[in-house]
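What follows is a short report on a single structure.
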Amino acid sequence: MTEYLLKYHRAIKDIGPNHWNSLLNGDDNPFVSYAFLDALENSGTIRENYGWQALHLALYDAQGELMAAC
């Protein structure tokens, strides 16, 4: 039986660019790239008082490797 860990992150930087972008599998859509999402968070565009809150859901395997994220 394979075990997984589901974890919430309040900032994409907690996942990191290499891990996040490794899931893109050649998808060049800029709106799902780490750079774009990180820029939204760091610029203050995403703020609770604007009605937006960053909350990234990540799935890790038993060894701690990122398997999926949204």
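A quick note: this is a predicted structure, and the numbers were derived from the prediction, not measured.
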Across all chains, not counting sequence neighbours, the side-chain contact (heavy atoms from CB on, under 4.5 Å) partners of Asn42 are Asp38
Report yes or no: do Leu59 and Tyr8 belong to one cluster of Ile/Leu/Val/Met/Phe/Trp/Tyr joined by side chain heavy-atom distances under 4.5 Å?
yes
Do the side chain of Trp20 and the main chain of Ala35 share a donor and acceptor less than 3.5 angstrom apart?
no
Do other residues, nucleotides or ligands put more than 12 heavy atoms under 6.0 Å from His19 NE2?
no
Can you tell me how far the CD atom of Glu3 sits from the CG atom of Asp61, to the nearest 0.5 Å?
10.5 Å
Is there a continuous path of hydrophobic side-chain contacts, each under 4.5 Å between heavy atoms, that joins Leu57 to Tyr4?
yes
Return the set of residues passing ring pair (Phe, Tyr, Trp, His ring centres under 6.0 Å) with Phe31 (not counting sequence neighbours), or none when no residue passes.
Phe36
Inter-residue atom distance Met67.CE - Glu65.CD, 0.5 Å rounding:
5.5 Å
Determine whether Tyr60 and Leu6 fall in the same hydrophobic cluster, where Ile, Leu, Val, Met, Phe, Trp and Tyr are linked whenever their side-chain heavy atoms lie under 4.5 Å apart.
no
By side chain to side chain donor-acceptor pair (under 3.5 Å), which residues pair with Thr45, not counting sequence neighbours?
Ser43
Kindly determine whether Ile46 and Gln53 satisfy side-chain contact (heavy atoms from CB on, under 4.5 Å), including the steps that lead there.
CA-CA 6 Å; Ile46 294 177; Gln53 180 178 351; 5.5 Å; no
Do Leu66 and Leu5 sit in the same hydrophobic cluster, where Ile, Leu, Val, Met, Phe, Trp and Tyr count as joined when their side-chain heavy atoms come under 4.5 Å apart?
yes
Does Glu41 use its side chain to pair, donor to acceptor, with the backbone of Ile12 at less than 3.5 Å?
yes
Smallest separation among heavy atoms of Ile15 and Ala58, with atom names:
CD1-CB, 4.3 Å
